[in-house]
Amino acid sequence: EHKIPQDHHTTTTTTTRTILQAVIAASTIAMFPLRHIFAVAAIAHIIWIWIDSPKPVYFCPLNREGLTNDWTDENCYWSTSYAEAREKFVSMGNRLREQLMFSQDENAFLDLLDVRSITYDIAGNSEDYSSLQAIDASTLQTISPEIDTVDAILVTMRVPDDHVDIIHSSGTHGVEGYLGSAVQIRFLHEIFLQNEALLENKGRENTSEYGNGKVRKILLIHAVNPFGMRHHRRTNENNVDLNRNVLAPDKIKSVIERDPNYFGYVDMDPVLNPIYTPAPRQSGNDLPEQSSYDTIHTFMKEVGSMASVIASIVKIIASKGYSNAKRTIVSAQYHKKAGVFYGGNGRWENSVVAVQHAIDEFAGFSLSSGDADAQSKVLWIDVHTGLGKYGSYTSLIKKEVTDNNLWTSQLNTLVADLEEKQASNSKAVSSGYEQTVGFINGDVLCPPPACFAVSQEFGTRPGVAVILSLVLENKFFNWGKSEYAYLTSNAFQPRRLSWRRIALRGGSEMLLAALKFQPR
């Protein structure tokens, strides 16, 4: 039985904000030093984020055969951990494959033609996908839950009309992957339920519309950044932002060797990457014992550090303006490994190599190799969270791609129409990314005109709060305090049921619209 809690967001938020305002007002009246006021504000902000994000309580088990039609609530598509999300995704692929085999035994006609799965163990140092460990679907069940893998499912279906092939990816930014994962699991589960209904009637009665032999491929890539998704970080195990890592071979040298302060990152470095001087990173049994005084003293230092960062970021945004500050931050840097928005050292990360293999070899799209068919039409949706209006999504695309090609222009219109329903401020969300390179679904892996890329960005918290969470989490992580990942977790994947319902439906809406799109 599924237990779905009530969403007490409105009452909780109002109460917490009132308390926050009262505390700050009282501090101001008492003429506390400014740093004390910011410290109080920092503590109240952390409490607000925690209280304001109630954990949903529901139970949606996987049975021996994987997902079934016992899942009656859409909250079942969500996961509370990377391991749970991966298990649901992989199990659904196995269940669909079994269903397809059963339909062939029963001579039932389904839209589903083929289901194949692959998993990539991204540990190690793979320069290209020839040395990457790709594991066949038949051994998926043997993968340990502790291993970080990129998984992909390729669904091939009959279609009566012209179509676009689809790539749908989740978790490029790790912690942001839970929404994209839920969309993918819901999509696979709905295919499963549709097939179950058809099997009850021995398949489709009218199959004449499929006589032209047209097929569509749908490639789902799950948890592009499994380390980040597991540990609720935006970056991978090397602190690399995968959405800044996919540089074209002929551009690597110029990007890596450009002036580190080209976008003003060095000027903002003391704010974006604040330094903490005490003990170096330690782990496990190496952690020293602390007295109660040391614990309290350390906590107060952490609170003071948070307050200092908050004050510095607010000050820099006020002086540079939000758009300019955002451009400096999101344009990436390639010189400071421990810094925020680090794009790497020029080498593609293993996850990127896995994605390239899944697209070019496993699915057979051959996009980045330049061997794509002249008539290829592939739509790639990469799901993100963080910026924009709460719960609504913005579709980030390259305008120049749509101007020179008929089918991409039509698709751009479709995307714009969907976005208009969201009433989202797309210009505010997309501003600042003009000079950003290395996107996972950029021109390198998704070259136009054969491939049309859409980054679907769902709003969570206010932009300033998102930036604060990134800076603070990265700072704490670099002094060995991984427990502060809750900052990014709550910033990028709100646990309110209201947000989850809105966002899941928006993600499913985009995918469904892409499936129905008919290029002319």
Here the pair of heavy atoms bringing S79 nearest to K88 is OG-CD, 3.7 Å
Does D165 reach the main-chain N or O of V378 with its side chain, forming a donor-acceptor pair under 3.5 Å?
no
Atom CZ of F102 and atom CG of N195: how far apart are they, to the nearest 0.5 Å?
11.5 Å
S170: which of H222, Q184, E176, H384 passes side-chain hydrogen bond (donor to acceptor under 3.5 Å, both in side chains):
Q184
Between S469 and E473, is the side-chain hydrogen bond (donor to acceptor under 3.5 Å, both in side chains) condition met? List the steps.
CA-CA 6 Å; S469 298; E473 186 278 334; over 6 Å; no
Minimum side-chain heavy-atom gap I167-F365 below 4.5 Å:
yes
In the structure I gave you, are the side-chain heavy atoms of D241 and V340 within less than 4.5 Å of one another anywhere?
no
So do Q99 and F192 actually touch side chain to side chain, heavy atoms under 4.5 Å?
yes
Would a 4.5 Å heavy-atom cut-off, applied to side chains only, mark I185 and W78 as touching?
no
From the list F492, Y484, Y178, Y486, ring pair (Phe, Tyr, Trp, His ring centres under 6.0 Å) with H232 holds only for Y178
Note, V330 side chain near Y433 side chain (heavy atom, < 4.5 Å):
yes
Interatomic spacing from CD1 in I467 to CZ in R461 - rounded to 0.5 Å
15.5 Å
Considering all heavy atoms, the nearest A491-T460 contact:
O-OG1, 2.7 Å
Could you give me the CA-CA distance, side-chain angles and deciding distance for T149 and D121, then say whether side-chain hydrogen bond (donor to acceptor under 3.5 Å, both in side chains) is met?
CA-CA 5 Å; T149 62; D121 182 354; over 6 Å; no
Verdict with supporting geometry, F439 and T172, side-chain contact (heavy atoms from CB on, under 4.5 Å):
CA-CA 10 Å; F439 292 118; T172 300; over 6 Å; no
How far apart are the C-alpha atoms of D151 and I118, what are their side-chain angles, what is the distance that settles it, and do they pass the side-chain contact (heavy atoms from CB on, under 4.5 Å) test?
CA-CA 6 Å; D151 298 275; I118 194 169; over 6 Å; no
Determine whether the side chains of S91 and E87 contain a donor N or O and an acceptor N or O closer than 3.5 Å.
no
Say whether, by atom type as modelled, one donor and one acceptor occur between the side chain of E237 and the main chain of A123 under 3.5 angstrom.
no
Using the side-chain contact (heavy atoms from CB on, under 4.5 Å) rule, take I218 and L515 through it: C-alpha gap first, then chi angles, then the decisive distance, then the call.
CA-CA 9 Å; I218 304 167; L515 290 168; 3.6 Å; yes
side-chain hydrogen bond (donor to acceptor under 3.5 Å, both in side chains) evaluation trace for Y390 with S498
CA-CA 10 Å; Y390 172 86; S498 58; 3.0 Å; yes
Applying side-chain contact (heavy atoms from CB on, under 4.5 Å), name anything that partners A503, two or more places apart in sequence or on another chain.
L179, F458, W499
Taking all atoms of both residues into account, what is the closest heavy-atom pair of S489 and R495, and its distance?
OG-NH2, 3.5 Å
Regarding Y393 and S455, is there a side-chain donor-to-acceptor distance under 3.5 Å anywhere?
no
So how far is it from L219 CG to W380 CH2, rounded to the nearest 0.5 Å?
8.5 Å
Below 4.5 Å, heavy atoms only, C-beta onward: do S508 and F187 meet side chain to side chain?
no
Which heavy atom in A85 sits nearest to a heavy atom in M229, and how many Å separate them?
CB-CE, 3.7 Å
Minimum heavy-atom distance between A358 and I221, given as atom pair plus value
CB-CD1, 4.5 Å
Taking C-beta and beyond as the side chain, do T385 and Q493 meet within less than 4.5 Å on heavy atoms?
no
With no hydrogens and no angle check, is any side-chain donor or acceptor of N238 less than 3.5 Å from a backbone partner on V240?
no
Should I153 and L188 count as side-chain neighbours, where that means a heavy-atom distance under 4.5 Å?
yes
Mind checking side-chain contact (heavy atoms from CB on, under 4.5 Å) for V444 and listing every partner two or more places apart, or none if nothing turns up?
V246, A248, W348
Between R186 and E190 (salt bridge meaning N to carboxylate O under 4.0 Å), is one present in this structure?
yes
May I ask you to check whether F362 and H357 place their ring centers less than 6.0 Å from one another?
no
Spatial distance of atom OG1 (T235) from atom CG (N243) [nearest 0.5 Å]:
12.5 Å
Can you measure from CE (M92) to OG (S117) and round to the nearest 0.5 angstrom?
10.5 Å
In short, S395 meets M510 closest at the heavy-atom pair OG-CE, 3.2 Å
Donor-acceptor side-chain pairing of D382 and S169 below 3.5 angstrom
yes
Less than 6.0 angstrom from the centroid, inside 45 degrees of the normal: does R244 satisfy that with respect to the ring of F341?
no
Report the C-alpha distance between R234 and L470 in whole Å, list the side-chain angles of each, state the deciding distance to 0.1 Å, and finish with yes or no for side-chain contact (heavy atoms from CB on, under 4.5 Å).
CA-CA 8 Å; R234 196 170 177 272; L470 281 174; 3.3 Å; yes
As an exercise, state the distance from OG1 of T156 to CG of D111, rounded to the nearest 0.5 Å.
12.5 Å
Could you pull out all residues at least two apart from V164 that satisfy side-chain contact (heavy atoms from CB on, under 4.5 Å)?
I166, R216, K377, L379, W407, F517, P519
Does the ring of F227 carry R233 above it, NZ/CZ under 6.0 angstrom from centre and within 45° of its axis?
no
